[in-house]
Protein chains: 2
Amino acid sequence: MNINIDFVNKLRTSGLRPTKQRLKICEVLFNTEKTFHFTVNDLSKIISEKLNQKISLATIYNTVHAFKKKGYLKEISMNSDKTYFDTNTTHHHHFFDSSTMKLIDLSDDQVEKIKINKALPGKKISSVEILVKVENE
Amino acid sequence: MNINIDFVNKLRTSGLRPTKQRLKICEVLFNTEKTFHFTVNDLSKIISEKLNQKISLATIYNTVHAFKKKGYLKEISMNSDKTYFDTNTTHHHHFFDSSTMKLIDLSDDQVEKIKINKALPGKKISSVEILVKVENE
DNA sequence: TACTTTCTTTAGAATCATTATAAACTATAA
DNA sequence: TTATAGTTTATAATGATTCTAAAGAAAGTA
Ligand SMILES: [Mn+2]
Ligand SMILES: [Mn+2]
Ligand SMILES: [Zn+2]
Ligand SMILES: [Zn+2]
């Protein structure tokens, strides 16, 4: 109950109405100390199978995109057929385990400063991300 | 004619029969001093519009995937709806220009050695790639 | 509270990239 | 040649994502 008040405020201050669908998705995504990575399909399964709720897929897409736009989620840059979202919105990097298809965070301070000796005239850098692919030894 | 002999050999030594479709695709992809990035759709358009040839889309997909498997192409790890391939198969990094949706190579020696202070037990690193997103200033 | 407006959800259709199917075709080797 | 395995192709199927338009819900106002 009191958890939800935070989410209600979070949504209200973002200009998003606190509907029960959005609050449920907030609970799944943000009501945990640990951040995690997920696909839309993962999220949909958690809601329907673990929580026995039904939220239409269109709403899940709408909500995830709305949250991304507000900066509450990041979409992860990497290709592997799947599109991943991340509840960790701080600047960080990733390991991608090809054996399990899972992403693992690599925090910015675990990477020594990246120096790039090439500039593109008229362009400014908006992000620098490392993707480390790993597999079983 | 003599260019094609190289491609015929390249294909034969890879265990791929040198069909006219594959040779045509080789010409488009490898008959140039510069490497480049492309999508399957780009390649398909070059073949049909610029060369006025018809190769079925299924064959283009098959060929691109076969070439990737043989190491003649790399598929680029990044998300932007589009899936890019790269005729530059050396180890290198990329800029992605969000304004133009184009990839630009960033050679390995233009990046100072990347040091990662995190290891995953039982896993070995298969690649480390940087993606630098840029936009207009 | 009643009314109005705007936003949100939803089922279902549409789209788009990619992959699968299976029959016709072709390169290669016997 | 003939046989074999590999290849191409049109077409259908798949799967993720987006669109549509109608019904429902939240917020604002009187
Ligand atoms: Mn998206
Ligand atoms: Mn692919
Ligand atoms: Zn992450
Ligand atoms: Zn490249």
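This is a predicted model, so every value here is computed, not measured. Within every chain, numbering begins at 1; the chains are lettered A, B, ... in the order of the sequence lines, protein sequences first and strands thereafter.
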From [options], nucleotide with atom closest to [X] side chain:
X	options	value
B:Thr83	D:dT8, D:dT18, C:dT18	C:dT18
B:Asn62	D:dC19, D:dT9, D:dT17	D:dT9
A:Ala58	C:dA17, D:dT18, C:dT10	C:dT10
B:Val40	C:dT10, D:dT9, C:dT18	C:dT18
B:Leu16	D:dT7, C:dT10, D:dT9	D:dT7

Euclidean distance, atom [atom1] of residue [X] to atom [atom2] of [N] [Å, nearest integer]:
X	N	atom1	atom2	value
A:Lys24	D:dA25	NZ	P	17 Å
B:Arg17	D:dT7	CZ	P	6 Å
A:Lys54	C:dG12	NZ	P	14 Å
B:Lys70	D:dG6	NZ	P	12 Å
A:Gln53	C:dT9	CD	C1'	15 Å
B:Lys82	C:dA17	NZ	P	9 Å
B:Leu57	D:dT11	CG	P	14 Å
A:Asn9	D:dA27	CG	P	12 Å

Next on the checklist: I'd like to know if A:Arg22 reaches the base of C:dT8 with its side chain such that a donor and an acceptor end up less than 3.5 angstrom apart.
Outcome noted: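 Under the 3.5 Å cut-off, the side chain and the base do not form any donor-acceptor pair.
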Checklist entry - Start at the 5' end of DNA chain D and walk down; is the nucleotide closest to A:Pro18 or to B:Gln21 reached first? => result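 Mapping each residue to its closest nucleotide by heavy atoms, the 5'-most match is B:Gln21.
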N or O in side chain of [X] less than 4.0 angstrom from [N] OP1/OP2:
X	N	answer
A:His65	D:dT17	no
B:Thr19	D:dG6	no
A:Thr59	C:dT8	no
B:Tyr61	C:dT18	yes

Next on the checklist: Just verifying a value: how many Å separate A:Lys45 NZ and A:Ile60 CD1, rounded to the nearest 0.5 Å?
Outcome noted: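 Nearest 0.5 Å value for the NZ-CD1 distance: 11.5 Å.
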Item to check | Heavy-atom pair with the smallest gap, counting every atom of A:Gln110 and B:Lys118 | outcome: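 Shortest heavy-atom separation between A:Gln110 and B:Lys118 comes out as OE1-CD, 3.5 Å.
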Checklist entry - If each of B:Arg12 and B:Asn41 is mapped to the nucleotide of DNA chain C with the nearest heavy atom, which maps nearer the 5' terminus, i.e. the 5' end? => result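 Looking at DNA chain C, the more 5' nearest nucleotide goes with B:Asn41.
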Checklist entry - Side chains of B:Asp105 and B:His37: do they bring a donor and an acceptor to under 3.5 Å? => result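 Indeed, the side chains of B:Asp105 and B:His37 share at least one donor-acceptor pair under 3.5 Å.
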Checklist entry - Is it true that the NZ or CZ of A:Lys123 lies under 6.0 Å from the centre of B:Phe95's six-membered ring and within 45 degrees of the ring axis? => result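 No, a cation-pi geometry is absent between A:Lys123 and B:Phe95.
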Checklist entry - Got a sec: does the NZ of B:Lys124 have more than 12 other heavy atoms crowding it under 6.0 Å? => result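 Yes.
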